[in-house]
Amino acid sequence: MNKEQIITLLDDNKKEVHFEVLAVVQYEKEHYAILLPYGQDDGVIILKIEENIDGSESYCVVEDEKILNEVFRLFND
């Protein structure tokens with residue numbers, strides 16, 4: 001990704017949190033965003049990208065350790 005891309009998501013308390021999108025990785029026909037909390041240097045977050053009926057995107061928590069490990073491995077390759 002050449003240009004820094006920042007997205008804003010809402011946490012559980014409806015507070016805005018900014019993330020830098022490091023990459024989008026495809027794994028088993030699904031897309032996952034590798035996100036870094038904006039202004040930090042470590043601790044990436046992996047969220048599954050789902051397309052809504054209206055064409056917008058939702059970012060969902062991934063609880064499956066195997067998927068998280070595989071997506072992170074692909075990101076590092």
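Owing to the predicted nature of the structure, the values given are computational and were not obtained by experimental measurement.
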Q.
For residues I49 and L10: do they belong to one hydrophobic cluster (side chain heavy atoms under 4.5 Å, members Ile, Leu, Val, Met, Phe, Trp, Tyr)?
A. no

Q: Kindly work out whether a path of hydrophobic side-chain contacts (I/L/V/M/F/W/Y, heavy atoms less than 4.5 Å apart) joins Y38 to I45.
A: no

Q: Could you check L9, I6, L36 and say which one makes a side-chain contact (heavy atoms from CB on, under 4.5 Å) with F19?
A: L9

Q: Tell me, please, which residues at least two apart from L74 pass side chain to side chain contact (heavy atoms under 4.5 Å, CB included).
A: V25, Y27

Q: State the CD1-CD1 distance between I46 and I34, to the nearest 0.5 angstrom.
A: 4.0 Å

Q | Spacing of Y59 atom OH and E50 atom CD [to the nearest 0.5 Å] | A | 11.5 Å

**Q.** side-chain contact (heavy atoms from CB on, under 4.5 Å) between L22 and V44, worked out
**A.** CA-CA 9 Å; L22 300 179; V44 298; 3.6 Å; yes

Q: Write out all pairs satisfying salt bridge (charged side-chain N to carboxylate O under 4.0 Å, His left out) with one or both partners inside residues 13-27, taking only residues at least two apart or from two chains.
A: none

Q) Of all heavy-atom pairs between P37 and G43, which one has the smallest distance, and what is that distance? A) CD-O, 3.3 Å

Q. What distance separates L47 CG from H31 NE2, expressed to the nearest 0.5 Å?
A. 15.0 Å

Q. Given the rule in the side-chain contact (heavy atoms from CB on, under 4.5 Å) test, do F72 and N76 qualify, once you have shown the distances and angles that lead to the verdict?
A. CA-CA 6 Å; F72 190 68; N76 283 317; 3.0 Å; yes

Q. Which pairs with one or both residues in residues 30-41 pass salt bridge (charged side-chain N to carboxylate O under 4.0 Å, His left out), sequence neighbours excluded?
A. E30-K48

Q: Provide the full list of salt bridge (charged side-chain N to carboxylate O under 4.0 Å, His left out) pairs with a residue in residues 57-70, sequence neighbours left out, each pair given once.
A: E70-R73

Q | More than 12 heavy atoms of other groups within 6.0 Å of D54 CG | A | yes

Q: Name all residues meeting the side chain to side chain contact (heavy atoms under 4.5 Å, CB included) criterion together with N13; count only those two or more places apart in sequence or in a different chain, and write none if there are none.
A: D11

Q: Using the test side chain to side chain donor-acceptor pair (under 3.5 Å), find all partners of T8 that sit at least two apart in sequence or belong to another chain.
A: H18

